[in-house]
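Note sheet for the following structure.
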Amino acid sequence: MNPYDPNLQPGSHFVADTLGVSDVSMLNTVYPRGGLLYRAATRVIGAAYDLNELHNRVTHAAQGAHWLLEPAARGELDESRRTSYARLRTSVHKVGDLLVRRNRAYDQLVESVSAYQRLRPDTDTAQSSATTAHELGRAQSSGRDDDWVIEGDRQFRALEAVELGGLRVCRTAIGEDLYLSSDTGRQPQPLAATVRRMVADGLLHQDTSENPYRPGQLLSLTSHGEAALRAARTATSRVSAALGRSGALANPGPPADSVAAPAAGTSATASHSRSR
């Protein structure tokens, strides 16, 4: 069970859900200090705490803005409250800036977790998927400035997340920044930038008839997206099958000599009997 409250510690909650750990702060303790996995796990911990801290700052700033908005909600719009309205404008601007920083911190956390997962030695399936998706991303790449958003396993993971259903593109009320939400309550893993690129590439469809703020615009796979996902999974299955065959070859059955030896012994015995 996830011990972290997503409304108080969204960074730690995301890491615990994604990696199946109960104590995020201990993630790097099982690796040799200074090694690649140690550094990757440490970055995950730091990114999770950064998101927690920014999330709390957004919450406090929004609470302050809400307190200033209460008189206006009651219709108290007299001249004596001009100072409060000036403070409100400042407060709302602060909330918008913090939301932008929080969204960036979330993207950085997803990046850190993905990098850590690629390095883990016990995720052969994930590694195969990452390799497949990397080649899929290369095939779709056109040398654009945003090619980084579909590199590695980002595109493959986004296709799988959209296939599960309920993934929506939303906009913040302040700043108009994109973020992802899910109807099912699960924490979405793809980057908003990855989804935006894949919509532009014709792999995903974004239902623009829906409100972009609430509930958000639902994503679905296009025919090209479905074909790309099938191709990626087929390639991953072939890699897994090849690894299985190579494992079988690495553990062969009894050597041919062990079967032939008794026959050779029998032949020798028969020859000896004839010579007598």
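As a basis for the values below, the full set of heavy atoms in this structure was taken, side chains included, without hydrogen atoms, waters or symmetry mates. Note that the structure is predicted; figures quoted are calculated from it, not measured.
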(message) For Phe14, is there any backbone N or O sitting under 3.5 Å from a side-chain donor or acceptor partner on Tyr4?
(response)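 The answer is no, because no donor-acceptor pair under 3.5 Å joins these two groups.
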(request) Output yes when a side-chain donor or acceptor of Ser112 lies under 3.5 Å from a complementary backbone atom of Ala47, and no otherwise. (result)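 Here the side-chain-to-backbone pair does not exist.
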Measuring from [X]:[atom1] to [Y]:[atom2], what's the distance to the nearest 0.5 Å?
| X | Y | atom1 | atom2 | value |
| --- | --- | --- | --- | --- |
| Asp50 | Ile45 | CG | CD1 | 12.0 Å |
| Leu203 | Leu219 | CG | CG | 12.0 Å |
| Arg39 | Leu119 | CZ | CG | 9.5 Å |
| Thr222 | Gln206 | OG1 | CD | 13.0 Å |
| Leu167 | Leu204 | CG | CG | 9.0 Å |
| Arg154 | Leu159 | CZ | CG | 14.0 Å |

What residues form a side chain to side chain donor-acceptor pair (under 3.5 Å) with [X], not counting sequence neighbours?
| X | answer |
| --- | --- |
| Ser209 | Asp207 |
| Asn52 | Ser12 |
| His55 | Arg102 |
| Gln108 | none |

Who pairs with [X] by side chain to side chain contact (heavy atoms under 4.5 Å, CB included), at least two apart in sequence or on another chain?
| X | value |
| --- | --- |
| Ser25 | Asp23, Tyr49 |
| Glu53 | Arg57 |
| Ala41 | Leu27, Asn28, Tyr31, Tyr116 |
| Asp5 | Asn7, Leu8 |

Taking all atoms of both residues into account, what is the closest heavy-atom pair of [X] and [Y], and its distance?
| X | Y | answer |
| --- | --- | --- |
| Pro215 | Ser181 | O-OG, 4.1 Å |
| Ala48 | Val15 | CB-CG2, 3.9 Å |
| Ala158 | Thr194 | CB-CG2, 4.2 Å |
| Pro6 | Pro10 | O-CB, 3.4 Å |
| Arg33 | Tyr38 | NH1-OH, 2.8 Å |
| Leu54 | Ala105 | CD1-CB, 3.7 Å |

(message) Between Val30 and Leu37, is there shared hydrophobic-cluster membership here, with clusters defined by ILVMFWY side-chain heavy atoms closer than 4.5 Å?
(response)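 Both belong to a single hydrophobic cluster.
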(message) Applying a strict under-4.5 Å side-chain criterion to I, L, V, M, F, W and Y, I'd like to know whether Leu218 and Leu229 cluster together.
(response)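 No, because Leu218 and Leu229 fall into different hydrophobic clusters, even though each may have its own neighbours under 4.5 Å.
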(request) Return the set of residues passing salt bridge (Lys or Arg N to Asp or Glu O under 4.0 Å) with Glu210 (not counting sequence neighbours), or none when no residue passes. (result)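 Checked Glu210 against salt bridge (Lys or Arg N to Asp or Glu O under 4.0 Å); matches are Arg168.
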(message) Is the shortest side-chain heavy-atom distance between Leu98 and Arg101 below 4.5 Å?
(response)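 In short, these two side chains touch, coming nearer than 4.5 Å.
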(message) I'd like to check Leu19 versus Gln117 (side-chain heavy atoms, cut-off strictly below 4.5 Å). Are they in contact?
(response)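 They are in contact (side-chain heavy atoms under 4.5 Å apart), so the answer is yes.
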(message) When you compare the side chains of Asp97 and His93, does any donor N or O come within less than 3.5 Å of an acceptor on the partner?
(response)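 Checked: Asp97/His93 side chains pair up, N/O donor to acceptor below 3.5 Å.
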